[in-house]
Amino acid sequence: MKKIVVVGGGAGGLELVTKLGKTFGKKRQAEVVLIDRSQTHIWKPLLHEVATGSLDINNDGLNYRAHAAKHHYQFQLGTLINVDPKERVLTLAAIDDDKGHQVLPERHLSYDILVMAVGSVSNDFGTPGVAEHCYFLDSHRQAERFQQALLQQFLRVNQEGADSKLKLAIVGGGATGVELSAELFHVAELMKSYGMPDMSGKRVQVQLIEAGERILPALPERIAGLASKELQHLGVHISEKTRVVRAFDGGFQTAEEETIDAHLMIWAAGVKAPDFVANIEGFETTRNNQILVKNTLQATEFDNVYVIGDCCACKQADGSFVPPRAQSAHQMASLVFTNIKASFLGETQKEYTYKDYGSLVNLSRYSTVGSLMGNLSSRSMFIEGRLARFVYVSLYRLHLIAIHGWFKATIIMAAQKVGKVVKPKLKLH
């Protein structure tokens, strides 16, 4: 019996392993295994809400082990540190407990078909001090760590009196930085209802720092302009064409030798695949550690290795690479599922073509803006307000349907609505 191993339980990896489990695992046609370094899945576009406490991972996260039991695949907790594609063997790091005692030694797993879906991490571009002094939002653990620090700062500001301010600096004007900026004002206002009556958005100072010409550089200029206007209305200070050259305890230094003071610093500028990927012998990688693939999403040198999501470098007809977005990961997962089925039947592999369905940016409860690509024409349709918010929420619902099925996803969505009524609007611990 063949062994299919998917490494990475993000949006694409989890959707793929769910389909593989139902198709091959349930019928015992193949052994399907998911490997992830975390016990819990959360949709990555929602990590900024975990970071502010608007979303509780304990209520809204998915436990891989429980999901595996229902969808006919196996789950193994572990961090991938090496791949030997010639011998078809994976190496997982040893697991230690919080006291440093070894729970599991370094392990080796064989595979017949491998899917690399290890996602991406923040790219600090070697900027001095960033790793030591900044918060990152690559995982729910990092988001929860920031949330704890944010609660402590809210407590300080509330106790110190009306003149006290909370200064936050966010490097990176992409979707994460923009959405986090707006969410911070929202949660500051909510703290009034939870024992901090002197807290408000007026006591929060957020500076969004972008090295490029404008924020949201990957999105149409009209969306970026409206988002910028909304953020400035909230009170966000946007610094464009500003390159950070150093981080220190208490702020950033720019290339113009300006100092930006901050109590909390978040780095959300640029992404790359994990560093170990570049060291895998036999894989062709880009300077951002992404694995180069053929149009079938197979690694250039190994037909039994597929790559999806942010760690995939798939070149398009115009020479550009497919952007690292949730929609591309979803599309890649669907194609790889089709191609794995084809490999079992001895059929020809299909080629991947990225379809851009538009982009949306959610500015907390204040606004949602974006564009949708029409199916009947090559032009995009600009949307904002309630319609844009509905479409944004629908993307998450489609993800729930993909990993749970219609029936269970509907129950989960109903439970989430009830939870918003009976539970606190913020995670307060």
Side-chain angles (χ1 to χ4, degrees), residues 48-55 127 129-130 132-137 142-173 176-210 215 227-269 362-367 424-429:
H48 69 283
E49 294 188 23
V50 177
T52 57
S54 299
L55 195 69
T127 308
V130 170
E132 295 82 7
H133 301 293
C134 292
Y135 290 91
F136 300 89
L137 300 182
Q142 292 178 341
E144 288 180 304
R145 179 170 166 262
F146 174 77
Q147 190 256 342
Q148 290 298 307
L150 182 64
L151 280 178
Q152 292 172 357
Q153 288 295 329
F154 279 151
L155 179 63
R156 175 188 64 80
V157 171
N158 185 70
Q159 293 292 329
E160 286 182 351
D163 294 332
S164 181
K165 303 286 185 182
L166 171 55
K167 298 180 180 180
L168 302 107
I170 303 170
V171 177
T176 298
V178 167
E179 293 181 333
L180 178 62
S181 298
E183 196 69 31
L184 287 166
F185 283 92
H186 176 49
V187 297
E189 291 290 341
L190 285 177
M191 293 308 296
K192 291 179 181 179
S193 303
Y194 298 106
M196 297 186 187
D198 296 327
M199 209 40 237
S200 72
K202 294 180 180 179
R203 301 184 67 180
V204 173
Q205 295 179 352
V206 178
Q207 186 156 354
L208 182 60
I209 307 163
E210 168 58 40
I215 64 170
S228 178
K229 183 178 178 181
E230 291 284 351
L231 291 178
Q232 290 174 351
H233 178 73
L234 286 175
V236 177
H237 178 70
I238 300 175
S239 299
E240 296 169 332
K241 305 178 189 175
T242 303
R243 184 168 63 89
V244 170
V245 297
R246 184 172 71 92
F248 57 89
D249 186 12
F252 292 112
Q253 180 183 339
T254 70
E256 292 75 25
E257 298 187 354
E258 175 193 0
T259 297
I260 299 173
D261 297 325
H263 298 105
L264 295 176
M265 301 138 65
I266 303 97
W267 189 272
N362 181 41
L363 305 179
S364 188
R365 65 180 177 87
Y366 305 105
S367 180
K425 295 181 180 179
L426 283 177
K427 183 174 181 286
L428 302 169
H429 60 280

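Positions are given from 1 along the sequence.
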Considering all heavy atoms of both residues, which atom of [X] and which atom of [Y] are nearest to each other, and what is their separation?
{"X": "Leu208", "Y": "Ser181", "value": "CD1-OG, 3.9 Å"}
{"X": "Phe146", "Y": "Ala51", "value": "CD2-O, 3.3 Å"}
{"X": "Leu137", "Y": "Leu180", "value": "CD1-CD2, 3.9 Å"}
{"X": "Leu234", "Y": "Phe185", "value": "O-CE2, 3.5 Å"}
{"X": "Gln207", "Y": "Ile260", "value": "OE1-CG2, 3.5 Å"}
{"X": "Val187", "Y": "Ser54", "value": "CG1-OG, 3.5 Å"}

Drop me the distance from [X]'s [atom1] to [Y]'s [atom2], to the nearest 0.5 angstrom.
{"X": "Phe154", "Y": "Gln159", "atom1": "CZ", "atom2": "CD", "value": "14.0 Å"}
{"X": "Ile266", "Y": "Phe136", "atom1": "CD1", "atom2": "CZ", "value": "11.0 Å"}
{"X": "Leu55", "Y": "Glu144", "atom1": "CG", "atom2": "CD", "value": "10.0 Å"}
{"X": "Leu264", "Y": "Leu168", "atom1": "CG", "atom2": "CG", "value": "5.0 Å"}
{"X": "Gln253", "Y": "Glu256", "atom1": "CD", "atom2": "CD", "value": "10.5 Å"}
{"X": "Glu210", "Y": "Ile215", "atom1": "CD", "atom2": "CD1", "value": "8.5 Å"}

Give a yes or no on this: more than 12 heavy atoms of other residues, nucleotides or ligands lie within 6.0 Å of atom [atom1] of [X].
{"X": "Glu132", "atom1": "CD", "answer": "yes"}
{"X": "Arg243", "atom1": "CZ", "answer": "no"}
{"X": "Lys165", "atom1": "NZ", "answer": "yes"}

Query raised in the report: Are any side-chain N or O atoms of Asn158 and backbone N or O atoms of Asp198, one a donor and one an acceptor, separated by less than 3.5 Å?
Result: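 It does hold such a pair.
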Query raised in the report: Would you say Arg203's side chain and Ser164's backbone share a donor-acceptor pair under 3.5 angstrom?
Result: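 Pair found, side chain donor or acceptor close to backbone of Ser164.
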Report task. Decide side-chain contact (heavy atoms from CB on, under 4.5 Å) for Ile209 and Thr254; before the verdict, give the C-alpha distance in whole Å, the side-chain angles of both, and the deciding distance to 0.1 Å. Result -> CA-CA 10 Å; Ile209 307 163; Thr254 70; 5.7 Å; no
Query raised in the report: Do Val236 and Leu184 have side chains that get closer than 4.5 Å, going by heavy atoms?
Result: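 No, their side chains stay 4.5 Å or more apart.
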Query - Non-neighbouring partners of Glu258 that pass salt bridge (charged side-chain N to carboxylate O under 4.0 Å, His left out), sequence neighbours left out - result: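 Not a single residue meets the salt bridge (charged side-chain N to carboxylate O under 4.0 Å, His left out) criterion with Glu258.
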**Report entry** Glu240: salt bridge (charged side-chain N to carboxylate O under 4.0 Å, His left out) partners, not counting sequence neighbours
**Finding:**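 For Glu240, no residue satisfies salt bridge (charged side-chain N to carboxylate O under 4.0 Å, His left out) once neighbours in sequence are set aside.
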Query raised in the report: Which residue pairs pass the salt bridge (charged side-chain N to carboxylate O under 4.0 Å, His left out) test with at least one member in residues 178-197, sequence neighbours excluded?
Result: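 Salt bridge (charged side-chain N to carboxylate O under 4.0 Å, His left out) check on residues 178-197 returns Glu189-Lys192.
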Query - Full working for side-chain contact (heavy atoms from CB on, under 4.5 Å) between Val171 and Met265 - result: CA-CA 8 Å; Val171 177; Met265 301 138 65; over 6 Å; no
Requested in this report: Could you walk me through whether Arg156 and Gln153 pass side chain to side chain donor-acceptor pair (under 3.5 Å), step by step?
Outcome: CA-CA 5 Å; Arg156 175 188 64 80; Gln153 288 295 329; 2.8 Å; yes
